[in-house]
Q: 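What follows is a single structure, and I will ask about it in a moment.
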Amino acid sequence: MPAHNLRNAAGTGRTAVWPEWAEDKRIDDAFAEQAYNATSPQCRAALKTGLALAFMHFGQSRGYLRVERRENHLGYWLHTAAFPAPWALVAFTPGYTAAARLAAACVPAQLAGVPLLGAVCVGGEASRQALVSLELSGVEDIFMLDTTGLFALLEEVQPGPGRLVLMHAGELSGARQAARALGIPCYEESHPPSLVLPEPDAFDLNVLAFAQGSALEYALEPAHPVTPAALYLADKEAQGHCRLHQDGPHYADSLALSPGCEGFWLHTGLTPDFFRVSRLAFGPLPDASR
């Protein structure tokens with residue numbers, strides 16, 4: 001088995017590995033190289049900026065943490081441990097072209113310290129945007145599988161459970177159900193986010209299309225009643241977004257991005273903590289049990 005498939009699974013004492021048959025489904029590195037070369041330097045630079053912003057936002061991995069507490073006055077002890085999940089998969093469809101959002105699904109797993117991170121394009125060839133995103137995000141293990149193959153991979157990769165992220169528009173709902181049956185925590189983006197772009201001329205729309213894919217085609221007007229996932233605002237307006245009593249209640253929970261941040265994204269609720277395992281143990285102190 002290739003050496004790059006053998007990585008220590010923190011906290012498990014075992015090695016996380018993909019099943020041997022998955023090697024035949026690995027996407028050739030040449031396709032990723034072609035996609036990279038076919039992508040403009042501006043788009044690649046924007047995605048690198050987005051990755052840097054994600055590192056700034058989330059910070060560095062906390063590694064393996066273990067804490068032991070003794071509450072003598074209560075008579076009990078408490079042990080806690082937290083460590084990276086042994087593996088994680090990001091599954092997406094051939095039509096998925098939002099490079100920034102795919103990178104935003106991978107980076108938290110990297111920052112959590114997941115030792116084995118892979119990506120699966122389900123049902124066909126991965127888009128150029130997806131391959132470039134995975135390349136820049138440092139994901140080396142990229143597979144092309146059908147739905148049955150994805151289910152088999154989820155069932156066979158050991159040790160588990162790992163973590164699953166689904167990026168789709170409804171096509172991978174069966175994978176969510178399979179993950180639930182296998183006890184694998186799953187996060188999904190099942191529809192494009194709503195975006196507000198009141199001043200398009202302030203942004204590089206070619207880069208934004210690379211970053212957001214089809215979501216850009218349906219950018220909302222600022223007065224739209226739907227709460228947008230992100231507001232693309234000029235620099236001063238973006239800074240003002242975090243001031244108290246900002247006008248427009250539908251802006252309250254939205255992410256504000258200024259020019260130069262086209263390649264950045266955050267998925268609500270998808271943080272490094274999703275890719276970590278937590279354990280708790282309680283018991284009485286020896287003197288308290290007498």
Side-chain angles (χ1 to χ4, degrees), residues 27-61 88-112 114 117-121 125-143 165-168 187 189 192-193 195 197 200 202-219 229-233 235 238 255-268 270-272 274-275:
I27 292 178
D28 194 311
D29 291 343
F31 291 116
E33 183 177 357
Q34 292 171 8
Y36 186 90
N37 292 333
T39 300
S40 72
Q42 293 83 358
C43 288
R44 299 198 302 257
L47 204 56
K48 291 176 183 178
T49 296
L51 295 170
L53 288 170
F55 275 68
M56 181 185 74
H57 174 65
F58 289 121
Q60 295 299 312
S61 170
L89 270 177
V90 178
F92 58 98
T93 58
Y96 197 86
T97 60
R101 302 205 312 269
L102 185 57
C106 299
V107 170
Q110 300 277 30
L111 291 175
V114 173
L117 173 61
V120 178
C121 186
E125 296 183 359
S127 67
R128 171 180 61 86
Q129 296 90 336
L131 290 175
V132 174
S133 179
L134 295 171
E135 172 78 13
L136 291 177
S137 299
V139 180
E140 299 178 1
D141 300 338
I142 310 172
F143 307 98
V165 179
L166 299 174
M167 317 293 288
H168 65 118
Y187 181 96
E189 177 198 276
L195 311 175
L197 187 64
F203 293 85
D204 187 326
L205 294 184
N206 289 328
V207 171
L208 200 52
F210 169 78
Q212 288 294 342
S214 62
L216 186 61
E217 301 173 15
Y218 305 102
L231 311 166
Y232 289 89
L233 304 173
D235 192 63
L255 174 69
L257 299 173
S258 63
C261 298
E262 289 92 338
F264 178 56
W265 189 254
L266 291 174
H267 294 284
T268 302
L270 188 60
T271 70
F274 173 78
F275 295 96

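It should be emphasised that the depicted structure is a prediction, and the values quoted were computed from it without experimental measurement. Start at 1 with the first residue, then count along the sequence. Below, all heavy atoms of this structure are taken into account, side chains as well, without hydrogens, waters or symmetry copies.
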Q: Test of understanding: with side chain to side chain contact (heavy atoms under 4.5 Å, CB included), list the residues that count as partners of Ala99, not counting sequence neighbours.
A: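 Result, side chain to side chain contact (heavy atoms under 4.5 Å, CB included) vs Ala99: Leu47, Gln129, Ser133, Phe210.
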
Q: What's the separation between atom CG in Leu166 and atom OH in Tyr96, rounded to the nearest 0.5 Å?
A: 11.0 Å

Q: Restricting to side chain to side chain contact (heavy atoms under 4.5 Å, CB included), what partner residues turn up for Phe55, sequence neighbours left out?
A: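 Listed in chain order: Gln60, Val107, Leu111.
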
Q: Donor-acceptor pair, Gln110 side chain versus Ser137 backbone, under 3.5 Å?
A: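 Yes, Gln110 side chain to Ser137 backbone: donor-acceptor pair under 3.5 Å.
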
Q: Please identify each residue that fulfils side chain to side chain contact (heavy atoms under 4.5 Å, CB included) with Leu216, with sequence neighbours left out.
A: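 Leu216: side chain to side chain contact (heavy atoms under 4.5 Å, CB included) contacts with Leu197, Leu208, Ala209.
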
Q: Decide side-chain contact (heavy atoms from CB on, under 4.5 Å) for Cys261 and Leu53; before the verdict, give the C-alpha distance in whole Å, the side-chain angles of both, and the deciding distance to 0.1 Å.
A: CA-CA 8 Å; Cys261 298; Leu53 288 170; 3.9 Å; yes

Q: Which atoms form the tightest heavy-atom contact between Cys106 and Leu117, and what is the distance?
A: O-CD2, 4.0 Å

Q: So do the side chains of Gln212 and Tyr232 get within less than 4.5 Å of each other, counting heavy atoms only?
A: yes

Q: CG/Leu195 to CG/Leu257 distance, rounded to the nearest 0.5 angstrom?
A: 9.0 Å

Q: Side chains of Val165 and Phe274: closer than 4.5 Å at any heavy-atom pair?
A: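 Of all side-chain heavy-atom pairs linking Phe274 with Val165, at least one is under 4.5 Å.
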
Q: For residues Ala46 and Val207, report the shortest heavy-atom separation together with the two atoms involved.
A: CB-CG1, 3.3 Å

Q: Give the minimum heavy-atom separation between Gly213 and Thr97, together with the two atoms involved.
A: CA-OG1, 3.4 Å

Q: Between Ala88 and Val114, which heavy-atom pair has the shortest distance, and what is it?
A: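 Shortest heavy-atom separation between Ala88 and Val114 comes out as N-CG1, 3.7 Å.
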
Q: Could you check whether any side-chain heavy atom of Leu136 comes within less than 4.5 Å of a side-chain heavy atom of Leu51, counting everything from C-beta outward?
A: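 Yes - at least one pair of side-chain heavy atoms lies under 4.5 Å apart.
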
Q: With a cut-off of 6.0 Å (strictly less than), are more than 12 heavy atoms of other residues, nucleotides or ligands near CZ of Phe58?
A: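 Yes - once you tally the heavy atoms of other residues, nucleotides and ligands closer than 6.0 Å, there are more than 12.
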
Q: Step by step, work out the side-chain contact (heavy atoms from CB on, under 4.5 Å) result for Trp265 and Leu102.
A: CA-CA 9 Å; Trp265 189 254; Leu102 185 57; over 6 Å; no

Q: The test is side-chain contact (heavy atoms from CB on, under 4.5 Å); show your working for Gln42 and Asn206 and say whether it passes.
A: CA-CA 9 Å; Gln42 293 83 358; Asn206 289 328; over 6 Å; no

Q: Any idea which heavy atoms bring Gly260 and Thr49 closest together, and the distance?
A: O-CG2, 3.7 Å

Q: How far does CG of Asp28 sit from CD1 of Ile142, to the nearest 0.5 angstrom?
A: 11.0 Å

Q: Output every pair passing salt bridge (Lys or Arg N to Asp or Glu O under 4.0 Å) with a member in residues 43-53, not counting sequence neighbours, ordered by first then second residue.
A: none

Q: Pairs in or reaching into residues 90-104: which pass salt bridge (Lys or Arg N to Asp or Glu O under 4.0 Å), with residues at least two apart or in two chains?
A: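 For residues 90-104: Arg101-Glu189.
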
Q: I need the Leu233 CG to Phe203 CZ distance, nearest 0.5 Å.
A: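 One finds 6.5 Å between CG of Leu233 and CZ of Phe203.
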
Q: One pair to check against side-chain contact (heavy atoms from CB on, under 4.5 Å): Phe143 and Cys121. What are the steps and the verdict?
A: CA-CA 6 Å; Phe143 307 98; Cys121 186; over 6 Å; no

Q: Do Phe275 and Leu270 make a side-chain contact, defined as non-hydrogen atoms from C-beta onward lying under 4.5 Å apart?
A: yes

Q: Going by side chain to side chain donor-acceptor pair (under 3.5 Å), name the residues that satisfy it together with Thr39, two or more places apart in sequence or in a different chain.
A: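 Result, side chain to side chain donor-acceptor pair (under 3.5 Å) vs Thr39: Arg128.
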
Q: So, for Phe264 and Ala54, which heavy atoms are closest and what is the spacing to 0.1 Å?
A: CE1-N, 3.6 Å

